[in-house]
Amino acid sequence: MTTTALKQPVRETSPGAAREPRRRTGRIRRVTLPYLLLLPALLLELLVHLVPMAIGIVMSFKQLTQFYIRDWGTAPWNGFDNYKVSVDFDAPVGKALLQSFGTTVGFTLLSVGLCWLIGTAAAVYMQDTFRGRGLLRALFLVPYALPVYAAVITWVFMFQHDNGLVNHVLHDQLHLTDKPSFWLIGDNSFYALLTVSVWKGWPFAFLIVTAGLQNIPRELYEAAALDGAGMWQQIRRITLPSLRPVNQVLILVLFLWTFNDFNTPYVLFGKAAPEAADLISVHIYQSSFVSWNFGTGSAMSVLLLLFLLVVTGGYLLLTSRGRRASDA
């Protein structure tokens, strides 16, 4: 009887009940650990992007000029006057902004389209095995790996009027032009900027499309070849439909990067970009730091942000509807 009475409490206290607090603590740690790991990145995102964005929105409602730059908080409240000036397309400020916006839209569409086309063509071509393919892949990625400033400064020297490589090839060797062209001023500045943007951007498209092609089973191409499908039919019926999710993300990223690009035109032309290559990012910079009207420049930046949010939301909505329709 004594032995049975002593053993009874041991049976009531099961090992599972004793481990329950430990399991609960481990579960809490597993749930909170990812958020703790993300906390530094969230704090940096808050400090680097969200806080300056909020300050810029507040500045857009102030009459902030060089007279208040030392203490911008004391600048008088201007309401929506900065926005009215920016969208008044009959006035010089609004007319210049609208012209810069149109130039940026045309430049972005051409640059994104050419980057995607060249990158996709190169990725499809590099799928076949041939001698020297690894070296050629590495050479394709050189423009993407180079620092932006080093690459664009190199193009500045190549576009020089008197001793640039571009005029030497086009005029002196190929005789395609009557005289050496000015590439960094005038109407040719748009084509110079487009050339540098495409040269710098298409390797990224090549890299992303190459990664997407790895997920397409080779059996599909073998079956299509047995059915008599040629190369163009295989690309149209197999490659492009299979790459649709990849291309949707790729085009959106290229659009946002190109539309917001500031480093390329700034390094290529300096503070005063030619009218033909007056992208909206440089235009906002000139309105803020050259004209010393930070209130109007901030209002233009907020309008640009709203435009990109609307375009991104509409694009994602259209692509999601197209994906659901294709799946159905």
Side-chain angles (χ1 to χ4, degrees), residues 103-130 132-152 154-155 158 190-218 220-221 231-268 277 279-281 307-308 311-320 322-323 326:
T103 302
T104 307
V105 171
F107 164 77
T108 302
L109 293 179
L110 288 175
S111 178
V112 172
L114 290 174
C115 286
W116 177 84
L117 182 62
I118 297 174
T120 302
V124 172
Y125 174 74
M126 297 297 291
Q127 288 300 108
D128 295 333
T129 303
F130 57 90
R133 184 179 66 168
L135 177 62
L136 195 58
R137 277 182 176 177
L139 292 177
F140 282 173
L141 295 176
V142 167
Y144 182 69
L146 283 177
V148 176
Y149 288 92
V152 178
T154 303
W155 276 101
M158 293 173 62
F190 179 85
Y191 303 105
L193 179 61
L194 181 63
T195 301
V196 177
S197 177
V198 173
W199 177 84
K200 184 171 59 70
W202 79 264
F204 176 75
F206 163 74
L207 187 64
I208 299 301
V209 174
T210 300
L213 289 174
Q214 306 303 317
N215 296 324
I216 303 177
R218 301 301 302 175
L220 295 178
Y221 294 100
M231 180 183 65
W232 294 111
Q233 291 179 339
Q234 293 179 15
I235 293 175
R236 181 183 175 185
R237 301 294 183 181
I238 299 176
T239 305
L240 293 180
S242 301
L243 289 176
R244 184 176 300 171
V246 175
N247 285 329
Q248 289 174 354
V249 178
L250 173 62
I251 291 175
L252 179 60
V253 172
L254 287 176
F255 175 82
L256 294 177
W257 282 359
T258 307
F259 206 96
N260 286 320
D261 190 13
F262 173 80
N263 295 328
T264 302
Y266 183 80
V267 178
L268 197 61
L279 299 187
I280 196 168
S281 58
F307 169 76
L308 293 178
V311 172
T312 302
Y315 178 82
L316 293 177
L317 182 62
L318 291 176
T319 52
S320 62
R323 191 183 304 114
S326 61

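Throughout, residue positions are numbered sequentially from 1 according to the sequence presented.
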Asker: Please tabulate, for side-chain N and O atoms in residues 198-217, each donor-acceptor pair with protein atoms closer than 3.5 Å (sequence neighbours left out).
Answerer:
{"residue": "T210", "atom": "OG1", "partner": "F206", "partner atom": "O", "Å": "2.6"}
{"residue": "Q214", "atom": "NE2", "partner": "Q127", "partner atom": "OE1", "Å": "3.4"}
{"residue": "Q214", "atom": "NE2", "partner": "T210", "partner atom": "O", "Å": "3.2"}

Asker: State, to 0.1 Å, how close R133 and T129 come at their nearest heavy-atom pair, and which atoms those are.
Answerer: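 What the structure gives for the nearest pair is NH1-OG1, 3.9 Å.
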Asker: Measure the spacing between CH2 of W257 and OG1 of T264 and express it to the nearest 0.5 Å.
Answerer: 12.0 Å
Asker: When the aromatic ring centroids of F259 and F307 are compared, is their separation below 6.0 Å?
Answerer: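 Yes.
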Asker: What is the distance from atom CG of L109 to atom OG1 of T258, rounded to the nearest 0.5 Å?
Answerer: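 Between L109 CG and T258 OG1, I get 10.0 Å after rounding to 0.5 Å.
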Asker: Whether the side chain of S111 engages the backbone of F107 through a donor-acceptor N/O pair (distance < 3.5 Å, no angle test) should be reported.
Answerer: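 Such a contact is absent between S111 side chain and F107 backbone.
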Asker: Heavy atoms, side chains only, cut-off 4.5 Å: are Y315 and L256 in contact?
Answerer: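 Heavy-atom side-chain distance check fails, nothing below 4.5 Å.
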Asker: For side-chain contact (heavy atoms from CB on, under 4.5 Å), just list the numbers for L308 and N260, CA-CA rounded to whole Å, side-chain angles, deciding distance to a tenth of an Å, and then say yes or no.
Answerer: CA-CA 9 Å; L308 293 178; N260 286 320; 3.3 Å; yes
Asker: Rounded at 0.5 Å granularity, tell me how far OG1 in T120 sits from CG in N247.
Answerer: 5.5 Å
Asker: Restricting to non-hydrogen atoms, name the atom on L268 and the atom on V152 that form the minimum distance, rounded to 0.1 Å.
Answerer: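 For L268 and V152, the tightest heavy-atom pair comes out as N-CG1, 3.7 Å.
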Asker: To the closest 0.5 Å, what do you measure between OG1 (T154) and CG (L146)?
Answerer: 7.5 Å
Asker: CG of D261 to OG1 of T108: how many Å apart, nearest 0.5 Å?
Answerer: 9.0 Å
Asker: Please work out which of the three classes, parallel, tilted or perpendicular, describes the rings of Y266 and F262, given edges at 30° and 60°.
Answerer: parallel
Asker: Walk me through it: do V124 and I235 pass the test side-chain contact (heavy atoms from CB on, under 4.5 Å)?
Answerer: CA-CA 9 Å; V124 172; I235 293 175; 4.1 Å; yes
Asker: Working to the nearest 0.5 angstrom, can you tell me the gap between L114 CG and L110 CG?
Answerer: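 Rounded to the nearest 0.5 Å, the CG-CG separation comes to 6.0 Å.
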Asker: On the six-membered ring of Y221, is R218 placed so that its NZ or CZ lies under 6.0 angstrom from the centre and within 45° of the ring axis?
Answerer: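 Yes, R218 lies over the aromatic ring of Y221.
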Asker: Within the side chain of S197, is there an N or O that forms a donor-acceptor pair under 3.5 Å with the backbone of L193?
Answerer: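 A pair under 3.5 Å: no.
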